[in-house]
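All residue numbers refer to positions in the sequence shown, counting from 1.
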Amino acid sequence: MNRRTFGSKAALGLGTALLPLAAGEAGAQGQAPTQAPAPRPALEALKARVLGGAITDVPGIRIGHFTDDRRPTGCTVIIPEEAATAGVDVRGAAPGTRETDLLNPTNMVDKVHAVLLAGGSAFGLDAATGVVRWLEEKGIGFPAGPAKVPIVPAAILFDLGVGDHRIRPDAAAGYKACEAASTAAPAEGSVGAGTGASVGKLYGMARAMKGGIGTAAVKVGKITVGAIVAVNAVGDVIDPASGQVVAGTRTEDGRRTLGVTQAILRGELPPSIQAGMATTIGLVATDAVLTKAQAQKLAQMAHDGLARAIDPIHTMWDGDTMFALGTGKSGLPGNMMALGAIAAQVTTAAVLRAVLNAKAVSGPGVPAMPMAADLL
């Protein structure tokens, strides 16, 4: 794709289509398998507009998921091949984070060795300990006297209301995510940190829909920018090209999306909910050479991508956090105007892909949450 082609496609949100829906499952015993569902124009048109690619298209980036089989929760680790320059921007009012202060451009440590995204609320930060242990075993870390100390920033989302809250990502989960890390395009939807994610919770979980984790990337000239986002928002996920709600709060009968901002404007105020019950977390990466200040700015501009696709965003109930990594693999300095614009685009695409690829989850105490594909 040349620069002109990208420019026209990015402006319209166009790009590679997502995978088609799976064929229907077999029917009752003795009956032939059901045919694949008929194409749904709105769903297929939306998929065709969403940028493709994966954050692992960025040279030097590996991704690993751990998905817990006991209840819907998990974690996702992003591991640069070599220590990468990092930044962060926290805009939600109820964040759960680790090692974010050191990413301030005024502070000493300028590179990180991994970034963790996890479910489990504050308990899930324990998964970073497993990432640290895995890196230490590989001899990776910041030289500090007799030891090398792995630098692993992390952020968590709240999924404790989906199944047994006593089950959450721990150090063993973080270690397993590292073992699974590869440069292959990662699975999307209900895996890793997005396993227990949900969206549209302003009117309670009974009217919510399934969230998930998504990724997207694009190469412009010799520079690649990618994003991975675990979408667990209080608000709705919106297609910015049409304004349509893709996944979010449903009407009382559960058959349609409501559109929470429009509902609030009509005076349908949501009930009070406990702060910190949601949160969207993610990371953008590029192979451009970045300073810490530039990495921080890239993380800030990535939030524009969240704001285009999630409404409302950065609420009192969310701890929205975006990281940024510069691997420097291209050897080229970053044009921050271009990088920031692209980062917002791939972040928006990753949000949409998270819900478009989400699958149903079940188990004791797991609320019924339809997928975007059920209502579009």
Side-chain angles (χ1 to χ4, degrees), residues 54-65 75-90 97-118 125 127-155 171 174-175 177-184 186 193 215 217 222-228 281-300 302 321-334 336 339 343:
I55 192 171
T56 48
D57 293 346
V58 178
I61 293 293
R62 291 180 291 159
I63 299 291
H65 291 310
C75 60
T76 298
V77 66
I78 302 96
I79 305 176
E81 185 178 300
E82 299 173 0
T85 304
V88 68
D89 188 45
V90 181
T97 58
R98 162 193 163 122
E99 299 275 44
T100 51
D101 282 350
L102 63 78
L103 300 183
N104 187 308
T106 63
N107 290 338
M108 180 182 68
V109 175
D110 63 344
K111 296 185 184 297
V112 305
H113 306 98
V115 175
L116 178 80
L117 310 175
L125 291 173
T129 301
V131 179
V132 169
R133 186 172 78 245
W134 186 88
L135 291 166
E136 183 185 25
E137 290 175 1
K138 303 294 184 292
I140 299 170
F142 180 83
K148 287 186 176 180
V149 180
I151 306 299
V152 183
Y175 192 96
C178 292
E179 289 186 311
S182 78
T183 57
T215 183
K222 296 182 179 180
I223 299 293
T224 305
V225 183
I228 187 165
I281 52 179
L283 178 144
V284 291
T286 179
D287 54 356
V289 177
L290 300 180
T291 65
K292 279 185 76 176
Q294 289 174 326
Q296 183 183 57
K297 189 61 180 177
L298 195 63
Q300 290 175 356
T321 300
M322 288 297 296
F323 295 96
L325 291 181
T327 68
K329 288 290 186 179
S330 70
L332 299 173
M336 289 307 298
L339 288 178

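Side-chain atoms of Pro105 and Thr291, non-hydrogen and from C-beta on, never get closer than 4.5 Å to each other. Two residues are said to be in side-chain contact when any heavy atoms from C-beta on lie closer than 4.5 Å; Phe323 and Val112 fail this criterion. In this structure, the side chains of Val77 and Trp134 stay at 4.5 Å or more apart for every pair of heavy atoms. Between Leu339 and Leu290, the closest side-chain pair of non-hydrogen atoms falls below 4.5 Å. Looking at heavy atoms from C-beta onward, Pro186 lies in side-chain contact with Thr56 at the 4.5 angstrom threshold. Proximity of Ile223 to Asp287: side-chain heavy atoms (C-beta onward) are separated by under 4.5 Å at one or more points. The side-chain heavy atoms of Pro153 and Val88, taken from C-beta on, include no pair separated by under 4.5 Å.
Here the closest heavy-atom approach between residue Ala181 and residue Arg62 is recorded as CB-CB, 4.2 Å. Ala302 approaches Met322 most closely through the heavy-atom pair CB-CE, 3.9 Å. Closest non-hydrogen pair, Ala288 versus Ser330, comes out as CA-OG, 3.7 Å. For the pair Leu116 and Ala128, the tightest heavy-atom approach, listed with the atom from each and the gap, is CD2-N, 3.3 Å. Between Thr85 and Ala295, the shortest heavy-atom contact is CG2-CB, 4.3 Å. The heavy-atom pair separating Ala84 from Gly326 by the smallest distance is CB-O, 3.5 Å.
In this structure, NZ on Lys292 lies 7.0 Å from OG1 on Thr106, to the nearest 0.5 angstrom. Atom CG in Leu135 sits 5.0 Å away from atom CD1 in Ile140 (nearest 0.5 Å). Between atom OG1 of residue Thr183 and atom CD1 of residue Ile63 there is a gap of 10.5 Å, rounded to the nearest 0.5 Å. With rounding to the nearest 0.5 angstrom, the CG atom of Leu117 is 4.5 Å from the CD1 atom of Ile281. How far CG of Asp110 is from CZ of Phe142: 7.5 Å, rounded to the nearest 0.5 Å. Put simply, CG on Leu283 and CG on Leu325 are 4.5 Å apart, with the number rounded to the nearest 0.5 Å.
Qualifying side chain to side chain donor-acceptor pair (under 3.5 Å) partners for Thr76, counting only residues two or more places apart in sequence or in other chains: His65.
Residue-environment remark: NZ (Lys148) stays at or below the threshold of 12 foreign heavy atoms within 6.0 Å.
Under 3.5 Å, the side chains of Lys297 and Gln294 contain no donor-acceptor pair of N or O atoms.
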**Request:** Just do the side chain to side chain contact (heavy atoms under 4.5 Å, CB included) check on Thr327 and Glu81 with the steps written out, would you?
**Result:** CA-CA 8 Å; Thr327 68; Glu81 185 178 300; over 6 Å; no
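Between the Thr215 side chain and the Ile55 main chain, a donor and an acceptor come within less than 3.5 Å of each other. Between the side chain of Asn104 and the backbone N or O of Asp101, no donor-acceptor pair lies under 3.5 Å.
When each of Thr224, Leu332, Leu298 is checked for a side-chain contact (heavy atoms from CB on, under 4.5 Å) with Thr286, only Leu298 meets the rule.
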